[in-house]
Amino acid sequence: MQLSKLHYIIEFDIKVFFDNVNHTKLIRQMCTLGIRDKHLLGKIKRVLKAPIKMPNGQLEYPKKRTPQGGIISPLLANIVLNELDHWVESNWEENPIVYKYSVNKVGAKSNGYVAMRKTKLKEMYIVRYADDFRIFCRTKTAAQKTKIAITQWLYERLKLEVSQEKTRVINVKRRYSEFLGFKIKIHSKGGKQVVKSHISDKQFKTKKKALVKQVRKIARPRPQIGRGGEIWQYNGNGNAKLLPNRDQY
């Protein structure tokens with residue numbers, strides 16, 4: 001956003017990602033990555049197919065999805081979307097045209113990008129954390145076309161559907177874009193355009209609610225922790241339950 005001046009961000013939202021991961025496709029992706037240990041693959045298959053107890057008491061055996069909240073799910077998300085990373089990179093960052101200009105030339109990759117900007121190729125960069133990702137583009141037109149292309153690719157290649165209501169293109173010179181609990185925008189400072197970031201509104205409300213709750217505990221401290229321990233926890237110093245009564249401090 002700041003150094004490369006990529007001011008159009010596509011905020012993607014995959015519909016219930018962890019509920020729509022295709023088991024067969026996932027195992028094939030793991031084999032492609034070089035994971036061939038049958039014992040390990042067998043354990044992962046058992047985790048994926050572990051029965052779910054429904055509200056009526058019946059057991060349901062899933063044919064797709066990964067365990068929501070399971071410690072292995074973010075790792076599996078990275079395996080599933082690894083193909084997306086490489087596909088996006090192949091369109092611009094690692095496009096063969098770049099390497100056409102890279103033989104024994106200083107700054108050759110930059111020369112390759114200059115050449116590509118004269119074509120109809122869409123400039124795009126990906127930043128991803130598990131199933132949450134953003135695509136950075138230089139122009140609104142490129143962002144709109146990229147949004148369509150990635151939506152189609154996800155559905156055709158990984159059988160994942162994008163939420164059209166939550167997926168949008170943001171111009172960060174005009175509006176904030178939210179990612180991983182932060183809201184980010186470009187603003188002018190000293191004749192330059194620099195990134196300005198804050199905690200997101202949703203995270204702010206969550207943190208504020210937690211602090212208000214902790215203030216009440218300071219007023220009426222739990223006997224096993226004491227007021228000092230409650231203040232310690234309010235200040236963000238970890239779980240006071242693991243500490244001795246800190247009233248002497």
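The analysis underlying the following values was restricted to heavy atoms, covering all of them including side chains, and did not include hydrogens, waters or symmetry mates.
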How far apart are the closest heavy atoms of [X] and [Y], and which atoms are they?
{"X": "I170", "Y": "R168", "answer": "CD1-NE, 3.6 Å"}
{"X": "R227", "Y": "I218", "answer": "NE-O, 3.0 Å"}
{"X": "A143", "Y": "V169", "answer": "CB-CG1, 3.7 Å"}
{"X": "F18", "Y": "A77", "answer": "CE2-CB, 4.1 Å"}
{"X": "A130", "Y": "L81", "answer": "O-CD1, 3.5 Å"}

Quiz item: Members other than V16 in its cluster, when Ile, Leu, Val, Met, Phe, Trp, Tyr link by side-chain heavy atoms under 4.5 Å?
Solution: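 V16 shares its hydrophobic cluster with no other residue.
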Quiz prompt | Whichever hydrophobic residues join V212 through chains of side-chain contacts under 4.5 Å | solution =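 ILVMFWY cluster around V212 holds nothing else.
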Measuring from [X]:[atom1] to [Y]:[atom2], what's the distance to the nearest 0.5 Å?
{"X": "R138", "Y": "E123", "atom1": "CZ", "atom2": "CD", "answer": "4.0 Å"}
{"X": "F136", "Y": "S4", "atom1": "CZ", "atom2": "OG", "answer": "10.5 Å"}
{"X": "L6", "Y": "I135", "atom1": "CG", "atom2": "CD1", "answer": "11.5 Å"}
{"X": "S200", "Y": "K205", "atom1": "OG", "atom2": "NZ", "answer": "10.0 Å"}
{"X": "Q214", "Y": "I231", "atom1": "CD", "atom2": "CD1", "answer": "9.5 Å"}
{"X": "L75", "Y": "I44", "atom1": "CG", "atom2": "CD1", "answer": "7.5 Å"}

Quick one, [X] and [Y] - any side-chain contact, counting heavy atoms below 4.5 Å?
{"X": "K43", "Y": "R46", "result": "yes"}
{"X": "I27", "Y": "H23", "result": "no"}
{"X": "L41", "Y": "D37", "result": "no"}
{"X": "L26", "Y": "L76", "result": "yes"}
{"X": "Y234", "Y": "L211", "result": "yes"}

Practice problem: Could I get the full list of side chain to side chain contact (heavy atoms under 4.5 Å, CB included) partners for L33, not counting sequence neighbours? | Solution: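 For L33 the side chain to side chain contact (heavy atoms under 4.5 Å, CB included) partners, ignoring immediate neighbours, are I79, N82.
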Self-check item: Contacts of F133 that satisfy ring-ring contact (aromatic ring centres under 6.0 Å, His included) - sequence neighbours left out
Solution: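 ring-ring contact (aromatic ring centres under 6.0 Å, His included) check on F133 returns F12.
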Exercise. Assess whether atom NZ of K25 is packed by more than 12 heavy atoms of other residues, nucleotides or ligands within 6.0 Å.
Key: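 Yes, NZ of K25 has more than 12 neighbouring heavy atoms, counting only those of other groups under 6.0 Å.
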Exercise. Would you kindly confirm whether V215 and F204 end up in one hydrophobic cluster when ILVMFWY residues are joined by side chain heavy atoms under 4.5 Å apart?
Key: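 Not linked; separate clusters.
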Practice problem: Spell out, yes or no, whether V195 and I199 are grouped together once hydrophobic residues are joined by side-chain heavy atoms under 4.5 Å, including indirect joins. | Solution: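 In one cluster with V195: I199, no.
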Quiz prompt | Derivation and outcome, side-chain contact (heavy atoms from CB on, under 4.5 Å), residues E93 and V88 | solution = CA-CA 8 Å; E93 287 184 84; V88 172; 5.8 Å; no
Acceptor/donor pairs from residues 146-161 side chains to any protein atom, 3.5 angstrom cut, sequence neighbours excluded:
unit_1: T146; atom_1: OG1; unit_2: A142; atom_2: O; d: 2.7
unit_1: K147; atom_1: NZ; unit_2: Q164; atom_2: OE1; d: 3.3
unit_1: T151; atom_1: OG1; unit_2: K147; atom_2: O; d: 2.7
unit_1: R157; atom_1: NE; unit_2: E83; atom_2: OE1; d: 2.6
unit_1: R157; atom_1: NH2; unit_2: E83; atom_2: OE1; d: 3.0
unit_1: E161; atom_1: OE2; unit_2: K15; atom_2: NZ; d: 3.3

Self-check item: Expected output: side-chain R36 to main-chain C31 donor-acceptor under 3.5 Å
Solution: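 A pair under 3.5 Å: yes.
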Quiz item: Is there a donor-acceptor pair closer than 3.5 Å between any side-chain N or O of E230 and the backbone N or O of R222?
Solution: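 Looks like yes, one N/O pair under 3.5 Å.
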Pairs under 3.5 angstrom only: tabulate donor-acceptor contacts from the side chains of residues 176-193 to other protein residues two or more places apart or in another chain.
unit_1: Y176; atom_1: OH; unit_2: H198; atom_2: NE2; d: 3.3
unit_1: S177; atom_1: OG; unit_2: E11; atom_2: OE2; d: 2.7
unit_1: K183; atom_1: NZ; unit_2: D201; atom_2: OD1; d: 3.0

